[in-house]
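Report on one structure; see the data block that follows.
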Amino acid sequence: MTEGFSHPMGAGHVPVLRLGDVLLVTLQGDLYDSMAQRLLQDITEAISSSRVAGVVIDLSGVEIVDSFLGRVLAEIAANARLLAAQTVVAGMRPAVAITLVELGLTLPGLRTALTTQAALDLLTGPNGPRPGSN
């Protein structure tokens, strides 16, 4: 079952899709501060209303990150953890990883995967989390 949670595209929002027990968020291009803040709110609300086991954030379309986006990713993971869900970041480009390390952002609470499919497998496989298991 795929169900959208976010606001219409074109209004400066990133879609948040539900795939079973997981929310999938695919980021493309530049994510401005206001959009990142809105994404944090949208994901937190979607986790709360849907009681999912995890969130996958696909960064494969993101070429540049700054400290604000790094902090937003960490806040998403912290909020998800408090709501009994895990967060996995998928598809991070090497330049993005290097930038996050250079900025000193360790992103506690975030797991990583090379691909979106690998991230989904982490969350839905036999050893993946179940709602309320954190």
Side-chain angles (χ1 to χ4, degrees):
M1 173 177 146
T2 302
E3 182 179 336
F5 282 99
S6 88
H7 303 277
M9 288 297 291
H13 301 284
V14 176
V16 178
L17 304 175
R18 181 175 180 169
L19 301 172
D21 280 346
V22 177
L23 297 178
L24 175 62
V25 180
T26 301
L27 303 181
Q28 298 291 323
D30 294 334
L31 192 66
Y32 300 103
D33 289 358
S34 60
M35 288 176 63
Q37 193 64 41
R38 183 56 183 250
L39 179 63
L40 171 63
Q41 293 170 355
D42 287 349
I43 290 175
T44 302
E45 289 171 11
I47 293 169
S48 177
S49 67
S50 65
R51 308 249 187 248
V52 294
V55 178
V56 173
I57 302 174
D58 179 1
L59 293 181
S60 61
V62 176
E63 295 185 26
I64 298 172
V65 296
D66 60 10
S67 60
F68 183 77
L69 180 55
R71 284 193 303 274
V72 167
L73 291 173
E75 287 180 37
I76 289 170
N79 288 347
R81 195 170 42 256
L82 289 171
L83 295 169
Q86 291 190 16
T87 305
V88 180
V89 172
M92 188 180 301
R93 294 173 186 243
V96 170
I98 290 167
T99 300
L100 290 172
V101 170
E102 287 175 347
L103 291 171
L105 298 172
T106 58
L107 304 179
L110 278 176
R111 297 170 70 187
T112 58
L114 293 177
T115 65
T116 300
Q117 185 59 55
L120 290 168
D121 291 346
L122 274 173
L123 293 172
T124 61
N127 297 321
R130 297 291 171 246
S133 66
N134 288 356

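What you see is a predicted model; the values in this text were computed from it and never measured.
L69 and D66 make their closest contact through N-OD1, 2.9 Å (heavy atoms, listed as atom of the first residue, atom of the second, distance). Heavy atoms only, all atoms of each residue included: R111 and L122 are closest at NH2-CD2, 3.1 Å. A pairwise comparison of heavy atoms in A90 and A119 identifies CB-CB, 3.9 Å as the closest pair. Taking every heavy atom of both residues into account, A36 and V72 meet most closely at O-CG1, 3.5 Å. Across D58 and G91, no two heavy atoms sit closer than the pair OD1-CA, 4.4 Å. Between A77 and P108 the shortest heavy-atom distance is CB-O, 4.1 Å.
Between atom CD of residue Q86 and atom CG of residue L110 there is a gap of 10.5 Å, rounded to the nearest 0.5 Å. Interatomic distance, R71 CZ to D33 CG, rounded to the nearest 0.5 Å: 8.5 Å. Within the model, atoms CD of E75 and CD of Q37 stand 6.5 Å from one another, a figure rounded to the nearest 0.5 Å. Note that CD of E45 and CG of L83 are 11.0 Å apart. Values are rounded to the nearest 0.5 Å. Here the CG atom belonging to D21 is positioned 12.5 Å from the CZ atom belonging to R51, to the nearest 0.5 angstrom.
Proximity of a side-chain donor or acceptor of R18 to a complementary backbone N or O of G20 within less than 3.5 Å is detected. Counting only distance, with no hydrogens or angles, the side chain of R93 and the backbone of S60 share a donor-acceptor pair below 3.5 Å. Side-chain N or O atoms of T44 include one that pairs as donor or acceptor with a backbone N or O of L40 at under 3.5 Å.
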Going through the checks in order, is the side chain to side chain contact (heavy atoms under 4.5 Å, CB included) test met by L120 and V22?
CA-CA 8 Å; L120 290 168; V22 177; 3.8 Å; yes
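More than 12 non-hydrogen atoms from other residues, nucleotides or ligands lie less than 6.0 angstrom from CG of L103. In F68, the CZ atom is crowded: over 12 heavy atoms of neighbouring residues, nucleotides or ligands sit closer than 6.0 Å.
Counting heavy atoms from C-beta outward, V16 and L39 have side chains that approach closer than 4.5 Å. Side-chain contact check for I57 versus T87: some heavy-atom pair is nearer than 4.5 Å. In this structure the side chain of V56 reaches within 4.5 angstrom of the side chain of T116, judged on heavy atoms. Considering only heavy atoms from C-beta on, D42 stays 4.5 Å or farther from V14 through its side chain. Contact annotation: the side chain of I76 never approaches that of V25 to less than 4.5 Å [non-hydrogen atoms, C-beta and beyond]. The closest side-chain heavy-atom distance from M92 to L100 is below 4.5 Å.
Using modelled atom types, one finds a donor on one side chain and an acceptor on the other under 3.5 Å when comparing Q117 with D121.
Residues L114 and V89 are members of separate hydrophobic clusters, defined by side-chain heavy-atom contacts under 4.5 angstrom among Ile, Leu, Val, Met, Phe, Trp and Tyr. By the rule that hydrophobic residues join a cluster once side-chain heavy atoms approach within less than 4.5 Å of another member, Y32 and V62 end up as members of one cluster.
Just one of I64, L105, V65 meets the side chain to side chain contact (heavy atoms under 4.5 Å, CB included) condition when paired with T99; it is V65.
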